Each structure stands twice: as C-alpha cells, then as structure tokens.
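First comes the structure, then the notes that go with it.
Just follow the structure's listing: the first ligand is 1, and inside any ligand the first atom is 1. As a basis for the values below, the full set of heavy atoms in this structure was taken, side chains included, without hydrogen atoms, waters or symmetry mates. Model, not experiment: these values are computed from the prediction. In what follows, residues are counted from 1 in the order of the sequence shown.
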Amino acid sequence: MTDTHPVEMSTPAAPRPVTPSTILAEVVRDMRERLEGIDGLDRSILASAARAEALAAGLDPYLDLCTTAESAALADLALRTAHRDWDANPSSIPEVRLEQEMLSGHVEGQALKFLVFACAARRVLEIGMFTGYSALAMAEELGEAGEVVACEIDADVATFARECFDRSPVGRRITIEVGPAGETLRRLDDRCRAGDVAPFDFVFIDADKPGYLGYLDLLLEGSLLAPRALIAVDNTLLQGEPYAAGTTASVNGAAMATFNAALTYDDRVEQVVLPLRDGLTLIRRVPDRAR
Ligand SMILES: C[S@@+](CC[C@H](N)C(=O)[O-])C[C@H]1O[C@@H](n2cnc3c(N)ncnc32)[C@H](O)[C@@H]1O
C-alpha cells in the first residue's frame, strides 16, 4: 500500500476545547486564576473555584481512563489525524473546515461500538466520516458479513481515511461514499426500496449541522431504516450553544437548537440526549406513532 499521508514526527497541537465540559473547565480555570489575583479575597471562594475546576477538568480524563482501551488501529488513526497539518491541507469544499477536533475519539468511539453491539447491527450508515475514527470503531464491532457505509463530501479526507482503514484488519468492512450526503442517501434509499441492498440497523449522523433535519427526515420517511433501527446524532449540545444563556450561537449552534426543538415535538420518534462529549442524541422510530 502506498502511504501518501505518513505521520510526521512533529508534536501535534493540543486540541482546543470543543465540548461543554472542556469549555466549562477552561472558563472556570480562567475565573479561578483571576480570583487568585484579588488581594484579601475570602479563601473559601478560591476553594470553591478550585473545586469547580477539578470537577470540570477532571471529567474527560477520568472517562478516558475508565473506558476500555481503543484498538491499535484506532490509536494509529487518531495519531495520524492529530499530526496532519489541516491548515496546510484545507478542504476543497468551501463550506467545510477540516480540523483535528472533528474526530470523535476514544470514549465516543467505544459508546458507538456498544450501540452497534446492542442493536446487533449488521449494516451501519455513517453520515460524515472525516478521517474515519467512528467508522472504524463501529466496523470493529460488526461481524465478518457486516458493513459500514460511510458518507464523506471531501475526497482527500476520504483517501486519508482509506489509508488508515487499510492498516486495520477490519477496514475492508467499510465502504466510503464520496459526495454530498444528501445525494448519497437518496441513491441508497432507492436501492433499499428496490431491495438491491438491505436497510440499515444503525445510523450515525455527524456531518454538516444545517443538514441534520433533512437527513433525519429522509431516514424516517424513506426506506433506509430497518424496522428496529437506532439513530445516533452527534454534537446536539454544540459547545453548549443551544442551552447556555449569554452564548452567541454560531450557524452550527443555531442549526442544532432548531434540530433539538424540532425533535422534541416530533411524534414519529422517541429520543434521549446523552451529555457525552458534545452531546449524543439517540433516536428510534415509534412504530405506530402513538405515545
Ligand atoms: C465532525 S466530522 C465527522 C467525524 C467522524 N464521524 C468521527 O467521528 O471522527 C464531519 C465530516 O462531515 C463531512 N461533511 C460535511 N458536510 C458534508 C456533506 N454535506 N456530505 C457529506 N459529508 C459532509 C466533513 O467533510 C467532515 O469530514
């Protein structure tokens, strides 16, 4: 295999905080440092600030520590993603900004593996693949006959992911569909309806946030889902923007707030929002649409 994306030996920059808990940890640390500069401040206020910081900053490392270790192939993929200079290799798609922080990572990858296991999935659909961490994690949980179909709009990042998949014993279980996910989904929907391919048991939505509602509608109204299919949607807490007062919502934050509100009143589904990383919402169809 030609490795066109070798891991350089430079130290990658630490990922910036992109989840409610890591942003909270940063805000609380800044607050505690500023409080320390105030002469004569009641020591109990400083102690409370230090405790708040420990609670916020300690959560993710502890989750990481207590979660089953990732495979060597996943660790390698994460390392390669961290070492790539994404600023020097921008996406050719104007609306896509690729960055290492897009990668879901160890704890969320393990959670996805559990979900794939719990619904005994044989066919998995991923909408938004990036360098393939979540696709590979889910593929690791499938049997030999299982398949992950992963949609990715950026051809270069898809090539990068394929190189990583080729380094894993289960990488051949992943089929990459390059192109806008909406088009890919409509094509796959036609094939499922025609009986060319089996529908999907598990779907992970993790692409352009303004596209989420359209993807969900297509899934719920079309032929892509197996009867007991589960859908997991990433970034539904979008750095706290949908709920934190005083936060200015970005385009993505506004899109997630709209998505969450629509889902809350959608009687086609039941859902639960898990505060895992940047928010993971689990959705299932209600067969008779009765609550
Ligand atoms: C957050 S990343 C996915 C992370 C990946 N699921 C993981 O866990 O490592 C989002 C990806 O969606 C892709 N994307 C954005 N818009 C898309 C679209 N319309 N169709 C398909 N992929 C898209 C981006 O290029 C990016 O690679």
Side-chain angles (χ1 to χ4, degrees), residues 5 15-16 18-19 70-71 73-82 84 86 89-113 115-116 124-141 148-165 168 171 174-189 202-219 231-239 250-253 255-256 259 276-281:
H5 297 109
R16 65 190 167 83
V18 288
T19 65
E70 63 196 351
S71 66
L74 285 173
D76 178 63
L77 186 152
L79 189 69
R80 285 171 176 272
T81 304
R84 184 160 168 83
W86 294 101
N89 296 280
S91 174
S92 53
I93 313 291
E95 55 274 20
V96 171
R97 178 166 179 248
L98 300 171
E99 50 183 1
Q100 64 159 325
E101 289 81 1
M102 282 182 155
L103 183 139
S104 49
H106 171 214
V107 176
E108 188 167 3
Q110 184 65 14
L112 290 170
K113 287 177 82 160
L115 292 168
V116 167
V124 171
L125 175 63
E126 174 167 79
I127 304 173
M129 176 185 69
F130 187 45
T131 54
Y133 190 96
S134 45
L136 187 58
M138 296 187 287
E140 287 182 352
E141 200 56 44
V148 176
V149 177
C151 307
E152 173 52 53
I153 198 168
D154 186 283
D156 282 346
V157 91
T159 302
F160 184 99
R162 175 48 69 197
E163 286 169 10
C164 294
F165 297 158
S168 157
I174 303 167
T175 303
I176 303 175
E177 293 283 350
V178 177
E183 290 176 16
T184 305
L185 293 190
R186 279 186 285 278
R187 210 170 48 246
L188 287 170
D189 188 45
F202 184 70
V203 182
F204 181 45
I205 303 181
D206 191 16
D208 52 317
K209 311 313 164 198
Y212 276 23
L213 269 180
Y215 301 143
L216 183 66
D217 245 12
L218 208 77
L219 292 169
I231 302 169
V233 185
D234 203 19
N235 305 108
T236 49
L237 295 179
L238 214 288
Q239 306 186 9
S250 59
V251 171
N252 286 344
M256 287 323 311
F259 177 85
L276 173 69
R277 203 165 175 268
D278 200 24
L280 186 71
T281 296

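The pair Arg16-Glu99 meets the salt-bridge criterion, since a charged nitrogen lies less than 4.0 angstrom from a carboxylate oxygen.
Tyr215 places no side-chain N or O within donor-acceptor distance of the main-chain N or O of Asp208, the cut-off being under 3.5 Å.
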Practice item. Could you give me the CA-CA distance, side-chain angles and deciding distance for Glu140 and Ser71, then say whether side chain to side chain donor-acceptor pair (under 3.5 Å) is met? Key: CA-CA 9 Å; Glu140 287 182 352; Ser71 66; 2.5 Å; yes

Practice item. Check the pair Glu70, Tyr133 against side chain to side chain donor-acceptor pair (under 3.5 Å), reporting the backbone distance first and the verdict last. Key: CA-CA 10 Å; Glu70 63 196 351; Tyr133 190 96; 2.4 Å; yes

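Contact residues of ligand 1 (protein heavy atom closer than 4.0 angstrom to a ligand atom; sorted by chain and number): Val96, Leu98, Met102, Leu103, Ser104, Glu126, Gly128, Met129, Phe130, Tyr133, Ser134, Glu152, Ile153, Gly179, Pro180, Ala181, Phe204, Asp206, Ala207, Asp208, Tyr215.
Side chains of Thr19 and Gln239: no donor on one and acceptor on the other come within 3.5 Å.
Applying the ring pair (Phe, Tyr, Trp, His ring centres under 6.0 Å) test to Phe130 and every residue at least two apart in sequence or in another chain returns Trp86.
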